[in-house]
Amino acid sequence: MRGRSTITFLKAPKMNPSHALPSYLEPAGVGPWGVFLQQVERATSSLGELAYLVETLKRPKRILIVDIPIKLDDGSVAHFEGYRVQHNTSRGPGKGGVRFHQDVTLSEVMALAGWMSVKNAVIGLPFGGAKGGVRVDPRNLSRRELEHLTRRYTSEIGIVIGPDKDIPAPDVNTNEQIMAWMMDTYSVMHGATSTAVVTGKPLALGGSRGRRDATGRGVFVCGRAAAARIGLSLEGARVCVQGFGNVGNAAARCFHDAKAKVIAIQSVEGTVHNPAGIDVYKLGAHQQAGRPFAEFAGASVVPNESFWEIESEFLIPAALEQQITVANAGKIRTRVLLEGANGPTTIEADDILTANGILVVPDVIANAGGVTVSYFEWVQDLSSYFWTEEEVNGRLDKIMSDAFNALWEAAGEAKVTLRTAAFTLACRRMLEARHLRGLYP
Ligand code: GLU
């Protein structure tokens with residue numbers, strides 16, 4: 001006999017922000033994830049009715065930690081730790097790079113995934129945010145070992161990635177070849193060639209023209225738009241760049257082409273300086289030839305600590321997180337800080353820079369050129385129709401300039417920094433999508 005249900009329906013408990021967080025989210029306020037949380041916090045008061053959902057952004061949707069055992073060339077087996085974090089997928093599939101670095105931690109990957117969510121929402125790309133990483137120093141691996149590590153990592157995270165689930169891309173120490181191996185591994189696992197599962201691939205495998213330089217180009221587009229707003233001329237403007245990898249190198253070339261003067265570059269090998277301007281094409285060729293940075297004839301070597309004190313119009317951190325802290329923020333003498341890296345500035349340093357009248361163009365817009373062209377690549381793969389480099393660069397330029405200008409207006413209206421304006425806009429977009437979708441079940 002069917003009786004009345006004995007289930008008692010409790011009134012939904014109010015979301016309690018002090019509710020114990022999952023252990024991996026603690027301690028809050030420390031490390032990159034702590035920085036991300038504080039940035040979300042600063043936007044919360046402007047979220048209006050959507051603020052009731054903000055807890056959603058303070059914990060990643062999905063975290064996968066994988067063990068990656070590989071056979072090394074000497075026959076022994078080594079284990080590496082890998083991660084894939086999907087921070088938010090309310091607006092679309094997860095999207096974000098994979099980094100190989102010996103210091104990668106779960107907290108770092110969580111923050112990077114969060115910044116991807118914000119970045120994609122600020123630009124208006126139909127993606128959520130995700131990020132992956134493997135704790136490994138790839139310089140210690142042979143090419144065969146690197147390929148095996150990449151393939152095993154891909155197969156381990158294969159359960160959560162896919163062209164409409166989560167789409168990886170290059171990041172620190174990963175490149176087109178690594179994306180090719182990832183795409184091949186996923187395709188073999190699924191018995192079908194799936195080009196749209198990763199972006200940043202070689203052209204021959206469905207990569208997009210313009211992808212390689214896209215992040216650096218986007219940094220330049222934001223710099224140009226910021227300069228126009230504050231009446232700064234690019235011609236002769238002094239530019240300092242930290243990091244001479246994919247992002248720093250391309251950004252330096254764009255500024256050089258616009259007749260700005262790149263006067264200092266810091267790489268992992270050291271810092272070079274030339275007040276008359278460095279020929280960044282020659283430095284790139286020098287590096288490409290495998291020659292030591294310090295032997296470059298077109299600039300002199302200066303101590304690493306002095307880099308932050310060099311006077312400039314544009315300073316571009318394009319290396320790793322947390323480079324600008326209370327220890328060096330006060331010494332920085334620039335007009336515009338363009339965050340080519342993800343999370344290069346701590347919260348306290350951000351406040352010092354702003355108080356000192358430096359315009360900070362935050363990572364979530366400044367370095368969004370890479371993922372924007374990744375979006376173009378994904379669209380091209382899904383439609384099997386490929387664009388010219390002019391089309392790619394033209395659309396990148398338009399999307400990024402429009403996004404920058406919208407942010408500038410929003411920040412001016414709300415009288416907040418560009419970063420807080422970006423987080424506010426992004427959180428609103430994510431939470432509006434969350435609200436419309438509703439909670440399952
Ligand atoms: N790794 C880049 C970033 O941090 C690009 C990500 C992508 O293309 O998905 O934005």
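Treat the numbers as computed from the prediction; the structure is a model and nothing was measured.
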If you compare all heavy atoms of [X] against all heavy atoms of [Y], which two are closest, and at what distance to 0.1 Å?
X    : Y    : answer
L146 : P138 : CD1-CB, 4.1 Å
R211 : G200 : CG-CA, 3.9 Å
L407 : L425 : CD1-CD2, 4.2 Å
V160 : Q86  : O-NE2, 3.1 Å
G340 : V219 : CA-CG2, 3.9 Å
C427 : L47  : CB-CD2, 3.7 Å

With a 3.5 Å distance limit and no angle check, can you tell me whether [X] reaches the backbone of [Y] through a side-chain donor-acceptor pair?
X    : Y    : result
D363 : E339 : no
Y385 : V379 : no
S107 : G31  : no
E295 : P292 : no
E377 : K201 : yes
S306 : V302 : no
H87  : L57  : yes
R428 : S46  : yes
D397 : N393 : no
N120 : G128 : yes

May I ask you to test the [X]-[Y] pair for a side-chain heavy-atom distance under 4.5 Å?
X    : Y    : answer
L418 : V360 : no
I161 : P168 : yes
I230 : L359 : yes
M400 : C222 : yes
Q322 : V35  : yes
P362 : F423 : no

Show me the pairs that pass salt bridge (Lys or Arg N to Asp or Glu O under 4.0 Å) and involve [range], at least two apart or across chains.
range            : answer
residues 142-151 : D73-R144, E147-R151, R151-D184
residues 118-131 : K131-D171
residues 226-235 : R229-E409

Results of side-chain contact (heavy atoms from CB on, under 4.5 Å) for [X] - residues two or more places apart only:
X    : result
T334 : S312, L315, I332, I358
T417 : T354, R419, T420
A121 : R91, A426, R429, M430

Using the side chain to side chain donor-acceptor pair (under 3.5 Å) rule, take Q380 and S208 through it: C-alpha gap first, then chi angles, then the decisive distance, then the call.
CA-CA 8 Å; Q380 291 171 82; S208 175; 3.0 Å; yes
Does a side chain donor of either D350 or T345 reach within less than 3.5 Å of an acceptor in the other side chain?
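Distance-only check fails for D350 and T345.
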From the options D213, V392, I399, select the one residue that forms a side chain to side chain contact (heavy atoms under 4.5 Å, CB included) with V373.
V392
With side chain to side chain donor-acceptor pair (under 3.5 Å) as the criterion, how do N304 and T271 come out once you've worked through the C-alpha distance, each side chain's angles and the decisive distance to 0.1 Å?
CA-CA 6 Å; N304 273 340; T271 305; 2.5 Å; yes
Apply side chain to side chain donor-acceptor pair (under 3.5 Å) to the pair H101 and N173, showing each step before the final yes or no.
CA-CA 7 Å; H101 196 278; N173 292 335; 5.0 Å; no
Heavy-atom count around [X] [atom1] within 6.0 Å, excluding the residue itself: above 12?
X    : atom1 : answer
R209 : CZ    : no
R99  : CZ    : yes
Q177 : CD    : yes

Under the rule for ring pair (Phe, Tyr, Trp, His ring centres under 6.0 Å), what residues qualify as partners of [X], not counting sequence neighbours?
X    : answer
F127 : Y375, W378
W181 : none
F296 : H286

May I ask you to establish whether R395 and W387 are in a cation-pi arrangement, using a distance under 6.0 Å from NZ or CZ to the six-membered ring centre and at most 45° from the ring axis?
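Here R395 passes the 6.0 Å and 45° test against W387.
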Return a table of donor-acceptor pairs under 3.5 angstrom between the side chains of residues 238-251 and protein atoms on other chains or two or more places apart.
residue: R238; atom: NE; partner: E313; partner atom: OE1; Å: 3.1
residue: R238; atom: NH2; partner: E313; partner atom: OE2; Å: 2.8
residue: Q242; atom: NE2; partner: Q266; partner atom: OE1; Å: 3.2
residue: Q242; atom: NE2; partner: Q323; partner atom: OE1; Å: 2.9
residue: N246; atom: ND2; partner: R212; partner atom: O; Å: 3.0
residue: N249; atom: OD1; partner: R253; partner atom: NE; Å: 2.9
residue: N249; atom: OD1; partner: R253; partner atom: NH2; Å: 3.3

ring-ring contact (aromatic ring centres under 6.0 Å, His included): pairs with one or both residues in residues 302-333, sequence neighbours excluded:
F255-F314
Would you check, one step at a time, whether the test side chain to side chain donor-acceptor pair (under 3.5 Å) holds for K95 with T199?
CA-CA 9 Å; K95 182 87 192 82; T199 57; 2.9 Å; yes
Would you tabulate the side-chain donor-acceptor contacts of residues 256-265 under 3.5 Å, counting partners in other chains and residues two or more places apart, or write 'none'?
residue: D257; atom: OD1; partner: Y281; partner atom: OH; Å: 2.9
residue: D257; atom: OD2; partner: Y281; partner atom: OH; Å: 2.9
residue: K261; atom: NZ; partner: P275; partner atom: O; Å: 3.4

